[in-house]
Peer 1: 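Structure below; questions to follow.
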Amino acid sequence: MLLGILFPLAACAVGRGMQTVQVLSDLAAGTLPAGVTREAAPFAAGSRRHDADLYHPTGWRPGPALVLVPGASPQGRDDPRLVAFAGTLAKAGFRVLVPEIPALRRMTLSAADADIIADALRHLADSQQAGEGRFLGLVAVSYAVGPAMLAAHRPGLAEDVDVLVGIGGYHDVEAVATWFTTGWHRVPADGTGGAGGPGAWQQGQPDSFGKWLFLRANAGRVREPSDRAVLAEIAERRLRDPDAGLTDLVPRLGAEGRAVLAFLTNRDPSLVPGLIAGLPAPVRAEMAALDLARRDFGAAGPHLILVHGRHDRIIPHGQSLALAAAMRGADGESRAELHLVDGIGHVDAGGMTLGDGLVLAEAVYSLLALRDEGR
């Protein structure tokens, strides 16, 4: 009798392990896998209509479902890396819905993106009512982890979303701003996402992309039209060339524009809180709305699988450590698991070791196990 119980469990684990290897192989290939269909799948939520793509194994539709949210990219849901990733998840047996999020395509981050993500989750949840394989998950990349967290913890969704996979995400907006402007950051003292405190200051070399992406995202929130135009031009120029000259633009800035530039060019971490306080009110409001550190997500909500590169120069890995720690309840138990990888920069893999592959395999296996348990 014991063998009769253990054999199907072992077979399930072996099959899941083989599927994990296939997922990693498809991820490494970086192309849309064979046997996967991508189709336009617009959907509505009340008066709101959204464009989206749906990926699924060819000839098969019912089953576990995921919403995949890209990071900021001018190619949006057509980014080849995202297409390949969505196809890989679909080949693993998920229906994958990738909603169009216009702000992310414009590379202007917003807490309002959570509305589109929540609509996509409800749409998939409703479509699963009569289907088999009841399982709903969310995968978010980079800064999109913030709006994804906000969406997944909304009333009426927190109980329906089984898992949130966050890749290269963040927790504390001020801490991220301190990193991309000054190069200073903290890693939680125990280094595991536990309750060991914020840790000592460490200095590194941030990628300037994060700073100029922030400017591009927020230039339109400055109230003075001339400042908006000049700041937008500074952002575009520096995103194209981090060393581009600005001597023709800086003198044209008014008071609000100068406050924004002072914040971005500061190198002293102790000055960051005061410089943020001096930013235009709409910019501060958006930063506060996206700040997960200000939120109490409580005990309800999805299980978190967090993946982060130890050498991420856009968002330091301490942010995923802090987010995991924030998911720890009063009993010390956490509903987050953390997978730190050496060979991932921000969200692109390069120079991965065998050990990195094993860490990613653990994350993929965990997702597949949660899926199977949810059936």
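Computed from heavy atoms alone, side chains included, the values below leave out hydrogens, waters and symmetry copies. The first residue in the sequence is number 1, and the count goes up from there.
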Peer 1: Measuring from atom CG of L370 to atom CG of D162, what distance do you get when rounded to the nearest 0.5 angstrom?
Peer 2: 8.0 Å
Peer 1: When Ile, Leu, Val, Met, Phe, Trp and Tyr are grouped by side-chain heavy atoms lying under 4.5 Å apart, directly or through other members, which residues fall in the same group as W184?
Peer 2: W201
Peer 1: Can you see which heavy atom on P280 is nearest to which on V260, and at what distance?
Peer 2: CD-CG2, 3.8 Å
Peer 1: Can you tell me how far apart CZ (R295) and NE2 (H171) are? Round to the nearest 0.5 Å.
Peer 2: 11.5 Å
Peer 1: Could you tell me the separation between the CZ atom of R313 and the CG atom of D207, rounded to the nearest 0.5 Å?
Peer 2: 5.0 Å
Peer 1: Just checking R49: does its CZ atom have more than 12 heavy atoms from other residues, nucleotides or ligands closer to it than 6.0 angstrom?
Peer 2: no
Peer 1: Fit a plane to each ring of F135 and F94, take the angle between them on a 0 to 90° scale, and name the class: parallel (under 30°), tilted (30 to 60°) or perpendicular (over 60°).
Peer 2: tilted
Peer 1: Hey, could you give me the NE2/CD distance between H185 and Q203, rounded to the nearest 0.5 Å?
Peer 2: 9.0 Å
Peer 1: Roughly how far, to the nearest 0.5 Å, is CG of L54 from CG of L124?
Peer 2: 7.5 Å
Peer 1: Consider side-chain contact (heavy atoms from CB on, under 4.5 Å). Of L32, T88, V36, which one does V83 pass it with?
Peer 2: L32
Peer 1: Answer whether the closest heavy-atom distance between the side chains of Q75 and L82 falls below 4.5 Å.
Peer 2: no
Peer 1: Rounded to the nearest 0.5 Å, how far apart are CZ of R106 and CD1 of I101?
Peer 2: 11.0 Å
Peer 1: How about Q205: does its CD atom have over 12 heavy atoms from other parts shown lying under 6.0 Å from it?
Peer 2: no
Peer 1: With ring-ring contact (aromatic ring centres under 6.0 Å, His included) as the test, pick out the partner of F214 among W179, F263, F209.
Peer 2: F263
Peer 1: If you look at every heavy atom in A232 and A219, which pair is closest and at what distance?
Peer 2: N-CB, 3.8 Å
